[in-house]
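The block underneath contains the structure these notes are about, expressed in structure tokens.
Below, read A as the first sequence line, B as the second, and so on, with proteins coming before strands; counting in each chain starts at 1.
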There are 2 protein chains.
Amino acid sequence: MAEFIHPNLADVPLTAALHALSDPARLAMVRNLAGAGELNCECALPSCAAPKSTRSNHLKVLRAAGLIETRREGRELFSRLRKKEFEARFPGLLRAVLKAE
Amino acid sequence: MAEFIHPNLADVPLTAALHALSDPARLAMVRNLAGAGELNCECALPSCAAPKSTRSNHLKVLRAAGLIETRREGRELFSRLRKKEFEARFPGLLRAVLKAE
DNA sequence: TTCGATAGTTCAAGAAACCCGAACTATTGA
DNA sequence: TCAATAGTTCGGGTTTCTTGAACTATCGAA
């Protein structure tokens with residue numbers, strides 16, 4: 001399990017960020033992470049919502065879009081929103097998305 | 001050619017709006033429309049960028065997401081950004097997207 | 001009022017992306 | 001060392017996207 005690649009936000013295209021946020025399951029993860037500080041894969045999207053391979057893929061997309069940072073602790077992986085960095089890269093975007101609905 | 005359906009913005013889910021904006025060609029169209037007032041299909045995305053069936057589909061996605069309004073004038077179709085309505089539905093979102101990059 | 005050109009839609013099929021079960025890797029605790 | 005836990009990767013079935021070809025609608029000119 002090679003450890004995770006966290007892109008430099010400067011290298012993330014706007015369309016990739018929007019794409020990452022445009023899926024209901026991923027958006028739910030982002031909302032959950034915005035509320036909590038850090039969550040593991042299981043808590044980021046409750047198990048009823050999708051099988052773990054799907055959750056894992058969603059987290060990979062969020063990671064590639066610069067939205068989350070993941071670190072291992074024992075056998076769990078904890079992810080946090082890269083809120084400040086993302087905000088610096090796309091001012092107002094995450095705020096607008098979290099506020100909406 | 002049945003005329004166009006323009007959804008009530010209240011019925012547009014956030015994820016549909018983000019999905020519509022997450023494609024480079026559609027984002028380019030939105031940027032072009034934000035600059036100009038109204039554009040036809042050809043001008044919204046210059047022909048070099050995609051065949052017309054693709055442009056037509058992209059415009060349909062933008063329409064369904066409540067981002068544009070289209071009207072016929074002779075044999076051309078002109079589209080405009082539904083800027084105010086979209087802004088009222090998703091405050092800050094379009095502004096953040098147009099500002100980015 | 002018919003014909004040709006222009007503007008765009010719809011259809012269908014091939015290409016690309018997504019989802020999820022099964023098999024695998026990594027870590028821990030007994 | 002073994003079983004359990006947490007998550008990844010792989011494969012292939014399904015869905016979605018793209019685009020050429022055929023179609024519809026409108027206009028201007030003969």
Among D:dT8, D:dC17, D:dT5, which is the nearest nucleotide to the side chain of B:H19?
->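 Within the option list, the nearest is D:dC17.
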
Please tell me which of the listed nucleotides, D:dT8, C:dA7, D:dT18, lies nearest to the side chain of B:T54?
->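 Nearest to the side-chain atoms of B:T54, counting from C-beta on, is D:dT18.
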
Side-chain heavy atoms of [X] within contact of [Y], under 4.5 Å:
X	Y	value
A:F86	A:L81	no
B:V61	B:D23	no
B:F90	A:E101	yes
B:L45	B:L59	no
B:L98	B:V30	yes

Contact string for nucleotides 10-15 of chain D, one letter per nucleotide 5' to 3', B = base within protein heavy-atom range under 4.0 Å, S = sugar-phosphate only, - = neither, reads ------

Does [N] have its OP1 or OP2 closer than 4.0 Å to a side-chain nitrogen or oxygen of [X]?
X	N	answer
B:S56	C:dG8	no
B:K60	C:dG8	no
A:K52	D:dT5	no
A:R63	D:dT8	yes

Nearest-angstrom distance from the residue atom [atom1] of [X] to [atom2] of [N]:
X	N	atom1	atom2	value
A:E76	C:dG29	CD	P	11 Å
A:H58	D:dG7	NE2	P	15 Å
B:E73	C:dA7	CD	P	13 Å
B:L45	C:dG8	CG	C1'	14 Å
B:R71	D:dA25	CZ	C1'	17 Å
A:N40	C:dT28	CG	P	15 Å
B:R55	C:dA7	CZ	C1'	10 Å
B:L59	D:dC17	CG	P	15 Å

If you find the nucleotide of DNA chain C closest to B:R75 and the one closest to A:A50, which residue's nucleotide is nearer the 5' end?
->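 On the 5' side of the pair lies B:R75.
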
Give the table of side-chain donor-acceptor pairs shorter than 3.5 Å for residues 6-16 of chain A, with sequence neighbours excluded, one pair per line with atom names and distance.
| unit_1 | atom_1 | unit_2 | atom_2 | d |
| --- | --- | --- | --- | --- |
| A:H6 | NE2 | A:T70 | N | 2.8 |
| A:N8 | OD1 | A:A10 | N | 3.0 |

Using modelled atom types only, decide if a donor and an acceptor are shared between the side chain of A:R26 and the backbone of A:H19 within a distance under 3.5 Å.
->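 The answer is yes, because a donor-acceptor pair under 3.5 Å joins these two groups.
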
